[in-house]
Amino acid sequence: MTQPLTALSLWIGPPPGSPLDARLIAVVDELSARLGTPRWQPHVTLLGMLRVPAADLLAKLQDVAKSTPPFSVRLVDIVTKDLYFQACQDASYPLSVALLLHVFLTSQCQCVMAKVEETPELMRLNAAVRDRLLPPPTEPEPYWPHLSLLYGDIPEATRAALRDEIAARGDWPAGGLLDAVVLVDRVQAWVTDGAPESWTLVGEVKLEG
């Protein structure tokens, strides 16, 4: 029986080591310490749970990057919502019972997040990677860009309080989160099987169009 390929996800976010990257890491780390929830590298998922060889994915991604210049987006709101990051599955991969069980058991609830501005540049990039990497769906799933700040099954009242606190605070490193500007100058490929703490970077391409 053929074993499933490792799950890869495409991420964008502020340049590594930038002030905004440090600010977002500080938010995730503080919430994790307070609530005992997972830690991970803050990011905006461009396309998730692709079961393709990493070398093939990066080669196709490079084709997209050659025609895509860097751009910026803003974090426009702090919201609460029940999303599960492993619900986005590559439709070209056959879903076995074992794989579906794995997805169910390892899913994490994304419950507090920063909503990302849906600029034409971001939506075009999402459409371009879908067209290059996925077979044509009958009805494409709408893209709802966001940057998760907390994973976990947290009571709604606690989520709402955290949402308001995060939106109001300006004392994270280098300032607040609302209206923060994210420079998107690369797309990274991460292995996203397993717990968030185990996710690893496997490669990236710079936007150069």
Mind listing the closest non-hydrogen atom pair of [X] and [Y] along with its distance?
{"X": "Thr80", "Y": "Ala160", "answer": "CG2-N, 4.2 Å"}
{"X": "Arg132", "Y": "Asp63", "answer": "NH2-OD2, 2.9 Å"}
{"X": "Leu122", "Y": "Glu117", "answer": "CD2-O, 3.6 Å"}
{"X": "Ala54", "Y": "Leu8", "answer": "CA-CD1, 3.6 Å"}
{"X": "Gly203", "Y": "Leu58", "answer": "C-CD2, 4.0 Å"}
{"X": "Ala65", "Y": "Val205", "answer": "CB-CG2, 3.9 Å"}

Side-chain heavy-atom pair [X], [Y] within 4.5 angstrom cut-off:
{"X": "Leu147", "Y": "His43", "value": "no"}
{"X": "Thr37", "Y": "Ile154", "value": "yes"}
{"X": "Leu24", "Y": "Leu149", "value": "yes"}
{"X": "Tyr151", "Y": "Cys111", "value": "no"}
{"X": "Leu207", "Y": "Pro69", "value": "no"}
{"X": "Arg23", "Y": "Leu20", "value": "yes"}
{"X": "Asp21", "Y": "Gln41", "value": "yes"}
{"X": "Arg39", "Y": "Asp29", "value": "yes"}

Same cluster (ILVMFWY, side-chain, under 4.5 Å), [X] and [Y]:
{"X": "Phe71", "Y": "Leu46", "value": "yes"}
{"X": "Leu201", "Y": "Ile25", "value": "no"}
{"X": "Leu61", "Y": "Val191", "value": "yes"}
{"X": "Val79", "Y": "Val76", "value": "no"}
{"X": "Leu57", "Y": "Leu134", "value": "yes"}

request  = Applying ring pair (Phe, Tyr, Trp, His ring centres under 6.0 Å), name anything that partners Trp190, two or more places apart in sequence or on another chain.
outcome  =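 With neighbours one apart ignored, the set is Trp11.
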
message = Under the criterion side chain to side chain contact (heavy atoms under 4.5 Å, CB included), I'd like the reasoning laid out for Trp40 against Ser32: C-alpha separation, chi angles, the key distance, then a yes or no.
response = CA-CA 10 Å; Trp40 68 93; Ser32 174; over 6 Å; no

Interatomic distance, [X] atom [atom1] to [Y] atom [atom2] [nearest 0.5 angstrom]:
{"X": "Leu50", "Y": "Thr192", "atom1": "CG", "atom2": "OG1", "result": "8.5 Å"}
{"X": "Lys206", "Y": "Gln188", "atom1": "NZ", "atom2": "CD", "result": "10.0 Å"}
{"X": "Glu118", "Y": "Tyr143", "atom1": "CD", "atom2": "OH", "result": "9.0 Å"}
{"X": "Thr68", "Y": "Glu208", "atom1": "OG1", "atom2": "CD", "result": "9.5 Å"}

request  = Just do the salt bridge (Lys or Arg N to Asp or Glu O under 4.0 Å) check on Asp164 and Arg159 with the steps written out, would you?
outcome  = CA-CA 9 Å; Asp164 295 344; Arg159 299 185 211 181; over 6 Å; no

inquiry  = Under a 3.5 Å distance rule, please check whether Thr45 uses its side chain to pair with a backbone N or O of Gly48 as donor and acceptor.
reply    = no

request  = Kindly say whether Gly194 contributes a backbone atom to a donor-acceptor pair with the side chain of Trp199 at under 3.5 angstrom?
outcome  = yes

Show which side-chain atoms of residues 174-187 pair as donor or acceptor with protein atoms under 3.5 Å away, not counting sequence neighbours.
{"residue": "Asp179", "atom": "OD1", "partner": "Arg74", "partner atom": "NH1", "Å": "2.5"}
{"residue": "Arg186", "atom": "NH1", "partner": "Glu204", "partner atom": "OE2", "Å": "3.2"}

query = For Glu30, which residues count as a salt bridge (charged side-chain N to carboxylate O under 4.0 Å, His left out) partner, sequence neighbours excluded?
reply =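 Only Arg34, Arg169 meet the salt bridge (charged side-chain N to carboxylate O under 4.0 Å, His left out) criterion with Glu30.
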
